[in-house]
There are 2 protein chains.
Amino acid sequence: MIEIADTKTRILDTAERLFGQKGFEATSLRDITAEAQVNLAAVNYHFQSKDSLMDAVIARRVDPVNQKRLEMLDAAGPDPTVEQVLTAFLEPVFDIQLECAAPLVGRILSNPNLFLDRMYKRHFQIISERFRAAMIRALPGAPVADILWGQMFTVGAMTQLMALSQILPAITGGVCDMSDRPAVVARAVRFLAAGFRAGANGSELNKELRCAG
Amino acid sequence: MIEIADTKTRILDTAERLFGQKGFEATSLRDITAEAQVNLAAVNYHFQSKDSLMDAVIARRVDPVNQKRLEMLDAAGPDPTVEQVLTAFLEPVFDIQLECAAPLVGRILSNPNLFLDRMYKRHFQIISERFRAAMIRALPGAPVADILWGQMFTVGAMTQLMALSQILPAITGGVCDMSDRPAVVARAVRFLAAGFRAGANGSELNKELRCAG
DNA sequence: GTCTATAGGTTGATAGAC
DNA sequence: GTCTATCAACCTATAGAC
């Protein structure tokens, strides 16, 4: 038996898909209610405004991902490897339905002001700090600046894959796609782990930034 | 003596800034003409539509960057190092005025459909192919898939830095910023070069994808 | 080239019946 | 909770005077 989702869930599902496909500003509430087959006024009843609807769409996907990340990080123990830290950070992201949430997250991430106020401080700051602490334990003695820059590159690579997952085959002649997600995660982890280790290997650039101990 | 830019240039400058700050759909032509202190109808006179204005804004920044990229790639000779290829790809990007163009490019990059049709095919496809060929010469025998995935991670890291350049200090406790751009480029090149070499070092994952020769 | 004026359409949000 | 009807504001694009 197929359970028809209730109005609130149908609005969330449709808003998620359309925000991702067309962007927040380019998606009207009428676009959403037409596809979700609900009444226009239902949006303002269940959510207060278009902005609040956006927040609800985000939180529904991000919160479980972050919970899984922290579980995996805890499971890796007090002295994780670089690969364990990166896998705990990346794998839960690619467990979600990318075709829905990916362009959305990619778009939000690329809007600095919206990202800082409505995403980073609310959902990502604590995660970022936990993973930074874990990576410092995985790379003892590495300059903190190297870890931080590495985190930027890591988030960038992750975001790029999510944002472009739809068109990945089109721009790589069919060579790259997201069909085998564990393999993609493994590939990203291997690439990024090498970068983190190279950043911490004592090049001239970093000598003066090295942390004590 | 201060030369006041002409109407067309003032529109381009203002549109670039506002598209970057607020996004394409969220920026009205009235926002642009008000700040540029030009008449609303001047936009439709000099450019035909809002879409064409966007294209003009993009082309003005992207074309010189791509020209510089190809010059640097040619200067590296027929057998460049991984670092030379990466530097030729990244350095010209960070020569442009990031505070204007960065959020714009980041946002466009994160919209898959808009990116594919209006950006990738028009401005980036030929560049991507040239750099892929150069990287294959820098890493002979590496699987093409590794090169392609590496390119994705590279573009992601670059885009992340451009998109978040404004708020980089805010999310790193002041440790990371874009003030020393050559150092940032050097850091990215070192991180990414290690990733490319790790991707091509013959892990189990890639054995079956290895190219002949 | 630059302006005013306006056409023609869409938007987010709400009031009020049921 | 769900609907209809509607408001006030905003938008892009263009016509036509100068």
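None of these values were measured; they are calculated from a predicted model. Here is the naming used below: chain letters follow the sequence lines, and residue numbers restart at 1 for every chain.
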* Asked: Is there a donor-acceptor pair closer than 3.5 Å between any side-chain N or O of R137(B) and the backbone N or O of P78(B)?
  -> yes
* To do: Measure from CG on L29(B) to P on dT14(D) and round the result to the nearest Å.
  => 11 Å
* In terms of side-chain geometry, is the basic nitrogen of R60(A) or D13(A) positioned less than 4.0 Å from the acidic oxygen of its partner? -> yes
* Check every strand shown and say whether A42(A) touches a base, only sugar-phosphate, or nothing at a heavy-atom separation below 4.0 Å. => nothing
* Answer yes or no for K50(A) and F24(A): cation-pi contact, defined as NZ/CZ to six-membered ring centre under 6.0 Å and angle to ring axis within 45°. => yes
* **Spacing of Q151(B) atom CD and R132(B) atom CZ [to the nearest 0.5 Å]** => 5.0 Å
* To do: Using whole Å, report how far CG of N39(B) lies from P of dA15(D).
  => 16 Å
* Of all nucleotides in DNA chain C with an atom under 4.0 Å from a non-hydrogen atom of chain A, which is the first and which the last going 5' to 3'? -> dT11(C) to dT14(C)
* To do: Would you check if R17(B) and T14(B) make a side-chain contact, meaning some heavy-atom pair closer than 4.5 Å?
  => yes
* Structure fact -> Winner on side-chain proximity to K50(B), out of dA13(D), dT14(D), dT4(D), is dA13(D)
* To do: Could you tell me the separation between the CD1 atom of I32(B) and the P atom of dA13(D), rounded to a whole number of Å?
  => 11 Å
* Could you check how far CZ of R30(A) sits from C1' of dC10(D), rounded to whole Å? => 13 Å
* Do R130(B) and D74(B) meet the salt-bridge criterion of a basic N to acidic O distance under 4.0 Å? -> yes
* When all nucleic acid strands are considered with a 4.0 Å heavy-atom cut-off, which category describes T33(B): base, sugar-phosphate, or nothing? -> nothing
* To do: For D31(B) and dC11(D), give me the distance from atom CG to atom C1', rounded to whole Å.
  => 10 Å
